[in-house]
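What follows is one structure encoded as structure tokens, with my remarks underneath.
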Amino acid sequence: MSEYTPSAIEPKWQKFWKKNKTFKTDDTDTSKPKFYVLDMFPYPSSSGLHVGHPEGYTATDIIARFKRMKNYNVLHPMGWDAFGLPAEQYAVKTGQHPKETTEQNIKGFRKQLQAIGFSYDWDREVNTTDPKYYKWTQWIFLQLYKKGLAYQADVPVNWCPQLGTVLANEEVIDGKSEVGGYPVVRRPMKQWMLKITEYADRLQEDLADLDWPESIKDMQRNWIGKSEGADITFQVAGSRQTIKAFTTRPDTLFGATYMVLAPELSLVDELTVPEKRQDVKKYREEAESKSDLDRTDLNKNKTGVFTGSYAINPATGNQIPIWIADYVLAGYGSGAIMAVPGHDQRDWEFAAKYELPIIEVVEGGDITKEAFTDTSKGKMVHSANADLSLNGLEVSDAKDKMISWLELKGQGKKTITYKLRDWLFSRQRYWGEPFPIIHVSNENKALPESELPVKLPEVENFQPAETGESPLYNVPEWVNTTDPETGLPARRETNTMPQWAGSCWYYLRFIDPNYEKGPVNPEKEKYWMPVDLYVGGAEHAVLHLLYARFWHKVLYDIGVVSTKEPFQRLINQGMILGELEFTALRNEYGHFVSTKSVKPDEREQYEPVKIPDTEVEKKGDDFVIKGTDAVVDARSFKMSKSRGNVINPDLVIRQYGADALRLYEMFMGPLEQVKPWSMRGVEGVYRFLKRVWRVFIDEETDHLDADIIDVEPSREQLKVLHETIKKVTEDINENRFNTAISALMIFNNEAMKWEKKPVSIMKDFVLLLSPFAPHIAEELWEKLGGGDTLAYVAWPAFDEKYMTAEFHTYAIQINGKVRASIQVSSEKATDKDHVLGMAKQDDNIQRYLDNGNLVKEIFVPKRIVNLVVK
RNA sequence: GCCGCCGUGGUGGAAUGGUAGACACGUUGGACUUAAAAUCCAAUGAGGCUUAAACCUCGUACCGGUUCGAGUCCGGUCGGCGGUACCA
């Protein structure tokens with residue numbers, strides 16, 4: 001006497017799977033084809049799982065379950081990216097050790113994930129903060145260090161006073177910290193750097209072979225920022241000093257009327273003439289103290305000072321002034337540019353402000369108004385000297401000719417430059433991997449591998465040291481040590497690694513998480529790598545995915561892994577937004593005002609009021625409050641605590657069950673797409689599950705419905721089944737889960753009408769449903785007498801022979817517009833004359849034929865007939 | 001500014017160049033019920049015509065093109081989203 005009750009079914013099967021280790025990956029039999037399907041592992045935050053997590057996780061779980069039924073050996077693991085700032089900030093506030101909070105959070109996350117019924121092999125769980133794990137993170141760092149890819153440098157770093165730490169460029173957004181949004185300033189500090197730039201070319205080139213979304217590849221290409229051009233050497237007038245400048249426009253050298261150096265360059269000291277020293281010093285100090293935000297704000301208003309020195313333009317032989325300005329960046333190219341104000345907008349603005357000469361060397365624009373930067377049209381002018389003339393050439397030809405000429409003179413060469421910078425790899429924090437480095441008489445020394453792991457010591461105080469150094473600096477008994485090889489006194493490195501470190505290689509650890517001779521078991525690595533499918537949020541398009549590729553390539557170079565790339569196929573799930581919201585604006589008298597009539601800067605004068613969707617109607621292109629003309633805003637927002645539109649997956653499970661949650665997240669729309677949450681949508685798929693239950697179960701007796709019997713299926717039943725198998729199979733293969741679910745709904749809607757339901761057919765349907773809604777599927781499978789678990793039962797196969805219909809429907813068009821539709825028996829469906837004959841007999845079609853001349857007949861077998869009538 | 005993606009009913013979304021709107025939500029009407037919930041049935045892009053059935057017009061942001069036929073391909077415009085930016 002009970003209807004569909006997920007709260008009874010779901011825990012039962014979750015316990016069953018756990019107890020029987022149903023999803024334990026047995027990789028001793030490597031003759032089976034393998035499939036490694038991976039989720040981006042979460043940071044176990046204190047707020048718990050968000051509905052965004054189960055989106056990608058459900059997708060991979062469907063694929064994992066599907067592949068198992070397709071007889072693949074499936075690796076589907078989960079772990080924790082557990083180092084990171086929030087736990088440490090919490091510790092600073094409360095004194096609770098990050099290790100404790102992390103453990104609690106992991107417990108919560110694990111429980112939540114298990115309540116959704118994901119088929120992870122929990123025996124392979126990894127945790128980046130476990131010394132057994134970070135031992136190998138440190139080991140990999142040692143390999144980087146030994147290869148000369150890790151070095152220390154005094155670099156102007158992004159220092160965040162509030163967080164008391166240095167941030168990577170990637171962690172700074174608009175001059176503010178990504179975490180917390182605090183201001184960031186630049187400050188020189190000794191830091192560990194990783195030479196990712198040495199791999200820039202390979203990181204760019206190898207993207208071509210990856211089955212990744214083009215947009216993500218483009219983002220990485222953009223980030224790596226390869227540009228081709230030339231390095232040109234300029235003599236300093238009256239000195240032997242030279243300045244190298246990178247340009248992508250060597251063709252415009254005749255138009256270079258001044259040079260600019262980045263204020264940070266040490267060369268500036270040598271070039272500054274005595275009477276300019278004051279100005280230059282002042283400018284450099286200002287530039288240094290400016291935060292990134294200030295620099296960005298001053299984008300349009302360029303500043304700089306003249307050093308008093310001149311360089312010689314190798315093409316014209318003219319002396320051109322050397323300036324310093326912070327619109328030139330020290331970190332890109334050589335930190336010096338040749339300024340061509342006629343053909344570069346930034347140079348043009350600077351030249352206009354400081355009244356420097358602007359010369360046209362490519363025709364086609366009006367350089368008195370702005371720089372002419374189009375390289376696709378226009379010919380070279382004013383570009384000739386005694387032994388070289390570019391005049392009349394196209395830009396691209398002029399480039400080649402200029403580079404050859406410079407090479408001949410020994411004053412330039414073709415060069416490739418990247419935007420990508422070396423990776424700032426140290427943090428002044430406690431909750432990260434310690435570096436396996438000691439300082440012996442001021443020299444860095446790598447610890448021998450036998451000393452790993454270098455464990456984090458216990459500390460009392462999580463505040464950074466006053467010097468800005470890590471809290472570890474305050475633990476003398478840990479910092480002061482001895483060199484294990486010489487016995488000499490030594491000091492430990494107190495910086496720790498950034499959060500990215502642990503996530504750079506975790507996919508390798510899952511392969512054999514307890515392997516003790518290296519980060520990854522080489523035998524198993526050869527079997528499992530690469531990851532066949534990697535699913536996660538697009539926010540990791542450049543950072544995590546670029547760093548992991550870099551480490552992987554280093555590991556490839558030293559023979560630890562056998563593949564050049566870690567992630568063969570990548571899918572980014574789209575963000576789930578909060579429910580659609582309607583917002584009206586109310587004025588001080590309590591009247592609603594049309595949002596259309598309010599300018600953006602006047603909005604603050606009105607009170608925003610959330611309007612329930614039942615109170616809103618569509619009027620023209622706008623939504624208005626029912627019965628009024630007050631236009632409201634209709635928008636979905638990113639889920640956030642402050643907006644109060646966060647959906648808690650636990651509550652969804654409690655009310656509708658895990659299967660409904662899984663189904664809804666997949667039914668919402670295409671995986672990659674950004675889409676708003678809808679509680680009503682959850683109810684929709686919940687209703688579907690209730691209908692499925694009623695198709696199988698007699699709710700009076702709780703037993704299998706009496707209509708489910710062992711009979712021969714009818715032709716119609718076989719047709720529906722096989723169409724469903726085909727659609728669901730193809731859709732899973734192409735990650736179109738929304739339409740796969742709609743196919744399952746169509747099947748169930750049909751089955752509800754059947755008087756007799758053949759067991760064989762109903763069993764196949766349960767199997768098709770099982771990757772999406774595994775709990776109800778297992779329960780129904782048991783009731784159907786299918787046995788223990790359906791997790792490894794063979795996936796149903798479809799056969800086209802069952803899918804032929806008795807009749808085919810043809811749409812009959814006149815001049816491309818459908819005017820009739822006819823049924824043709826299958827035997828005659830491809831008989832053109834027969835079909836055309838039937839079409840012409842249709843009353844409505846005849847009317848059109850009578851009123852014109854038939855000039856052409858288009859016949860598309862089994863689909864359409866188009867008659868062209870004039 | 002530059003790079004990339006996207007514009008389809010009241011909503012989420014379906015549509016190998018071949019009957020636009022599958023599937024679901026919502027809404028409306030009905031059945032069951034003392035009533036409600038749940039469930040089931042029917043209608044549901046806009047409009048026209050008709051007692052009705054049928055039929056007709058318009059319709060995938062906008063303008064144009066290719067084609068027997070365009071949501072889909074091509075060119076342009078507008079709007080939205082994401083990334084990125086003194087990168088020389």
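None of the values given here were measured: they were computed from a predicted structure. So that the names make sense, note that chain A is the first sequence line, chain B the second, and so on, each numbered from 1.
For G76(B), the glycosidic angle deviates from 0 by more than 90°, giving an anti base.
Among the protein residues, F688(A) comes within range of no part of the nucleic acid, since none of its heavy atoms lies under 4.0 Å from any strand. In this structure, S227(A) reaches the sugar-phosphate backbone alone: every heavy-atom distance under 4.0 Å involves primed, P, OP1 or OP2 atoms, never a base.
Listed pair R694(A) / C40(B) meets the phosphate criterion, a side-chain N or O lying under 4.0 Å from OP1 or OP2. Here R687(A) reaches the OP1 or OP2 of G26(B): one of its side-chain N or O atoms lies under 4.0 Å away. The side chain of K690(A) places an N or O atom within less than 4.0 Å of a non-bridging phosphate oxygen (OP1 or OP2) of U39(B). Between Y418(A) and A88(B) there is no side-chain polar atom (N or O) within less than 4.0 angstrom of OP1 or OP2. Under 4.0 angstrom from either OP1 or OP2 of A54(B) there lies no side-chain N or O belonging to R819(A). OP1 or OP2 of A24(B) has at least one side-chain nitrogen or oxygen of N749(A) nearer than 4.0 Å. Between Q813(A) and C68(B) there is no side-chain N or O to OP1 or OP2 distance below 4.0 Å.
Spacing of C1' atoms, G4(B) relative to C23(B), comes out at 30 Å, to the nearest Å.
Ring centroids of F350(A) and Y258(A) are separated by less than 6.0 Å, placing the two rings close together.
Of the candidate nucleotides G4(B), C23(B), G13(B), G13(B) has the atom nearest to the side chain of K675(A).
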